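Counting begins at 1 with the first residue of the sequence. Nothing here was measured: the structure is a model prediction, and the numbers come from that model.
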Amino acid sequence: MSPMHHDDVRPKVFGIVLSAGAGSRFRGPSHKLTSTLRGRPVIAWAVDAARAADLAGVIVVTGAIPLDLPERVIVVHNERWAEGQAMSLQLGIATAIAHGADAVVVGLGDQPFITPDTWTAVAAADAPIVVATYDGVRGNPVRLDHTVWPLLPATGDHGARSLMALRPDLVSQLACSGSAADIDTMEDLRQWNSSTNSP
């Protein structure tokens, strides 16, 4: 019997970029995800960082608005996006299961400053739940091993956060570079567009 190659045993990890919400706090002329940040749509920063990471594939969950996305991502539309983030996460995981995933790394479409290196590092970590931290503060992305998928909420707007609160014994933290700053308001967008520094 020939020896098994490393790639044969490495977990198959997919990225999930949650991008289904209405962005109700953003009072701009367009949805926050399609608004321009330093020359590109906000969503493009998040999706391109995930695509540049060492992942088996990237799933983008859309909802409130159509998004212009690259051909090489797996797009899944959540018709029930208004019911909260948990539904989008469940849909993303169901899609990952259909593609043979062993784990997923979940990020948000409105967080443009998370680097490919962070996506890669979180994906490679080995724990039931791995959460990226920035200067000691928990953020995204979050790695969810297949063993915890049945424990995730099916309804509500908290995604994996409620599970992490209920089961801290499952959670491992990973210090990361970059930033989990999000674009929630027009003021956020103006701030980052007027600054040439990364957060």
| query | Crowded around Asp135 CG? As in, over 12 foreign heavy atoms under 6.0 Å? | reply | no

| task | Please step through side chain to side chain contact (heavy atoms under 4.5 Å, CB included) for the pair Ile183 and Ser35, ending with a clear verdict. | result | CA-CA 10 Å; Ile183 306 294; Ser35 297; over 6 Å; no

| Gap separating the CD1 atom of Ile43 from the OG1 atom of Thr34, nearest 0.5 angstrom | 10.0 Å

| query | Which atom names give the shortest non-hydrogen contact between Ile16 and Gly92, and what distance separates them? | reply | CD1-C, 3.5 Å

| field | Cationic N near anionic O, under 4.0 Å, Asp48 to Arg40 | value | yes

| said: Can you tell me how far apart CG (Asp157) and CD (Glu83) are? Round to the nearest 0.5 Å. | reply: 11.0 Å

| query | Between atom OG1 of Thr36 and atom CG of Asn193, what is the distance when rounded to the nearest 0.5 Å? | reply | 7.5 Å

| said: Applying a strict under-4.5 Å side-chain criterion to I, L, V, M, F, W and Y, I'd like to know whether Val61 and Val73 cluster together. | reply: no

| message | To the nearest 0.5 Å, what is the distance between CH2 on Trp81 and CG on Leu18? | response | 14.5 Å

| query | Quick one: are Phe26 and Asp110 in side-chain contact, heavy atoms under 4.5 Å? | reply | no

| If you draw a 6.0 Å radius around CZ in Arg80, do more than 12 non-hydrogen atoms from other residues or ligands fall strictly inside? | no

| Going only through I, L, V, M, F, W and Y residues with side-chain contacts under 4.5 Å, is there a path from Leu67 to Leu108? | no

| note | Smallest heavy-atom separation, Ala103 atom then Asp145 atom, equals CB-CA, 4.0 Å

| task | Keeping the roles fixed (side chain from Asp182, backbone from Gln111), state whether a donor-acceptor pair exists under 3.5 Å. | result | no

| Val106 versus Gln85: any side-chain heavy-atom pair under 4.5 Å? | no

| field | Check: Phe113 main-chain N/O paired with Trp45 side-chain donor or acceptor under 3.5 Å | value | no

| task | Compare every heavy atom of Trp119 with every heavy atom of Ala46, then report the nearest pair and how far apart it is. | result | O-NE1, 4.4 Å

| said: For Leu33, is there any backbone N or O sitting under 3.5 Å from a side-chain donor or acceptor partner on His31? | reply: yes

| Quick one: NE2 on His77 to CG on Leu91, what's the gap to the nearest 0.5 Å? | 9.5 Å

| Quick one: do Val104 and Leu69 end up in the same hydrophobic cluster if we chain Ile, Leu, Val, Met, Phe, Trp and Tyr together by side-chain heavy atoms under 4.5 Å apart? | no

| query | Would you say Lys32 and Val42 make side-chain contact, with heavy atoms under 4.5 Å? | reply | no

| Worked check of side-chain hydrogen bond (donor to acceptor under 3.5 Å, both in side chains) between Thr115 and Asp117 | CA-CA 5 Å; Thr115 67; Asp117 285 348; 5.2 Å; no

| request: Treating Ile, Leu, Val, Met, Phe, Trp and Tyr as nodes and any side-chain heavy-atom pair under 4.5 angstrom as an edge, say whether Val60 and Leu37 lie in one connected cluster. | output: yes

| request: Mind listing the closest non-hydrogen atom pair of Ile114 and Asn140 along with its distance? | output: CD1-O, 3.2 Å

| task | Heavy atoms only: give me the nearest Ala180-Tyr134 pair and the separation to one decimal. | result | CB-CE1, 3.6 Å

| field | Worked verdict on Arg143 versus Ile129 for side chain to side chain contact (heavy atoms under 4.5 Å, CB included) | value | CA-CA 5 Å; Arg143 184 187 192 276; Ile129 300 174; over 6 Å; no

| Qualifying residue for side-chain contact (heavy atoms from CB on, under 4.5 Å) with Phe14, from Ile74, Ile97, Ile93 | Ile74

| query | Mind checking whether Leu170 and Leu151 have side chains closer than 4.5 Å, heavy atoms only? | reply | yes

| query | Can you check whether His158 reaches Pro153 side chain to side chain, under 4.5 Å on heavy atoms? | reply | no

| field | Close side-chain approach of Cys176 to Val122, heavy-atom, < 4.5 Å | value | yes

| Between Thr62 and Val76, does a side chain to side chain contact (heavy atoms under 4.5 Å, CB included) hold up when you go through it step by step? | CA-CA 6 Å; Thr62 64; Val76 56; over 6 Å; no

| query | Taking Thr118 for the side chain and Ser177 for the main chain, is one N or O donor matched with an acceptor at less than 3.5 Å? | reply | yes

| query | Would Val47 end up clustered with Val13 when hydrophobic side chains under 4.5 Å apart are linked, directly or stepwise? | reply | yes

| Going from CG on Leu89 to CG on Leu152, what distance comes out if it is rounded to the nearest 0.5 angstrom? | 5.5 Å

| query | What are the two closest non-hydrogen atoms of Ala154 and Ala86, and how far apart are they? | reply | C-CB, 4.0 Å

